[in-house]
Amino acid sequence: MSNKFKILPLADWTLAGNSPLVIAGPCSAEGEEQMLETVTQIVKHCAGKVHMIRAGIWKPRTRPNSFEGVGEIGLPWVKNAGLAVGLPVMVEVANPEHVEAALKAGIDALWIGARTTVSPFNVQSIADSLKGVDIPVFIKNPVNPDLELWIGAVERLNAAGINKLAVIHRGFSSYEKSIYRNQPMWEIPIELRRRYPEVPIIVDPSHMGGTRELIYLLSQQGMDMGFDGLMIESHINPDKAWSDAKQQVTPERLAEILNSLIVRQPKLDKDGFKTLHDLRARVDRIDDYIIELLCERMGISEEIGIFKKNEHLAVHQAERWSQIVKRALEKGKMGGLTEEFILKLFQQVHNESIFHQTKVMEKN
Ligand code: PEP
Ligand code: MN
């Protein structure tokens, strides 16, 4: 396989070895005490399972009246807390001034936040300020579900010579109501993995879930997907946290989560391979069948298109569409499929069907 990026394996530049890389720490550094206490508790409860400490110093908040971070003054709090427990520390940087201050304070790794990854100008200026610097950089996905923009940021950092690189999947914001603060849309990091298997993917269940209750489930899903690590927000007193209070967990809870995670083997043993092979063959057959049926369905849509054209009927018949959705929802529900999935699936099928109908209707 020819690698597109020059990225060193995680095991070469982190303390994780072959286990998932775990980054933990508060959303924001709030004070010297809070940092030291949090980190000490994390190490006490999660001995050996946490490999890096995170803390936000400059916080990009959606609304200007929220807490926007303590700023530069907090850098030594973070660094010293890491030194006290012997773990590397990382902070978020959003511009070259942040990079300069973080490097000066001896911060060990950097991350680029979702609101920065959306801007190629900002990412490029960060990349330029890191030329010739050997420091690990983690790149969060952009807030919007744009895989190319995410990959573009990896390209910019890699081209600047950063080869200790990883991405952080923190979910995507959406106007739609959802149980998630940011929708996981797992298909996006999965596609990234398919195209660039050399890029390590860390999952951030905290910003994805937005509530404590979802952290375990999302962490396990990340592990089930075969991703390489987790970034989890942890605070000694989560309810009193100055930012993201609802989604932070205590160091005790963090330990429970990490201890109950099942880490799937990326490589299969001989017996496992056989079973998996059979199951995958069955899935492939079903996928073929789905495609064949969809082709047949679109063929019928074209016939309907010809009929509608001859009878001067509109392509979209609202009543008929409601009927289709209702039937599909009822049937899907019986088979255990979620309403959200059926609705999305049928919207796509319907769009394709309208495309086929208008294609034949526009033909003379
Ligand atoms: C954070 O990690 O605290 C943060 C601001 O995250 P994101 O960029 O994913 O919103
Ligand atoms: Mn946060």
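Just follow the structure's listing: the first ligand is 1, and inside any ligand the first atom is 1.
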Q) Just which atoms of ligand 1 are under 4.0 Å from any heavy atom in G113? A) 8 (O)

Q | Charged N-O contact under 4.0 Å between K359 and E302 | A | yes

Q. Quick one: which ligand 1 atoms are inside 4.0 Å of a heavy atom on E92?
A. 4 (C), 5 (C)

Q) Relative to the ring of F5, is the ring of Y196 parallel (under 30°), tilted (30 to 60°) or perpendicular (over 60°)? A) tilted

Q) Out of L254, L261, V43, L258, which residue meets the side-chain contact (heavy atoms from CB on, under 4.5 Å) rule with K49? A) L258

Q | Atom name of the N, O or S atom in E233 that lies nearest to the Mn ion (ligand 2) | A | OE2

Q: Would you indicate whether N18, at its atom CG, is surrounded by more than 12 heavy atoms from other residues, nucleotides or ligands within a distance under 6.0 Å?
A: no

Q | Proximal ligand 1 atoms for R115, defined as those under 4.0 Å from one of its heavy atoms | A | 7 (P), 8 (O), 10 (O)

Q: State which residue, out of D12, D134, D108, fulfils the salt bridge (charged side-chain N to carboxylate O under 4.0 Å, His left out) condition with K164.
A: D134

Q | Residue, atom name and distance, where the atom is the protein heavy atom closest to atom 4 (C) of ligand 1 | A | H207 NE2, 3.4 Å

**Q.** Proximity to ligand 1 by part of M231, non-hydrogen separation under 4.0 Å
**A.** neither

(Q) Can you tell me how the ring of W186 sits relative to the ring of H169, calling it parallel under 30°, perpendicular over 60° and tilted otherwise? (A) perpendicular

Q) Which is closest to atom 8 (O) of ligand 1 in terms of heavy atoms, A114, S243, P142? A) A114

Q.
Which atom name would you report as the N, O or S atom of D244 nearest the Mn ion (ligand 2)?
A. OD2

**Q.** Any C27 heavy atom less than 4.0 Å to ligand 1
**A.** yes

**Q.** Residue R170 vicinity, atoms of ligand 1 by number, heavy atom under 4.0 Å
**A.** 7 (P), 9 (O), 10 (O)

**Q.** Test: E100 and K104 ion pair at under 4.0 Å
**A.** no

Q. Below 4.0 angstrom, N of the basic side chain to O of the carboxylate: do R195 and E148 qualify?
A. yes

Q: Tell me which protein heavy atom sits closest to atom 6 (O) of ligand 1, plus the residue, atom name and distance to 0.1 Å.
A: K140 NZ, 3.0 Å

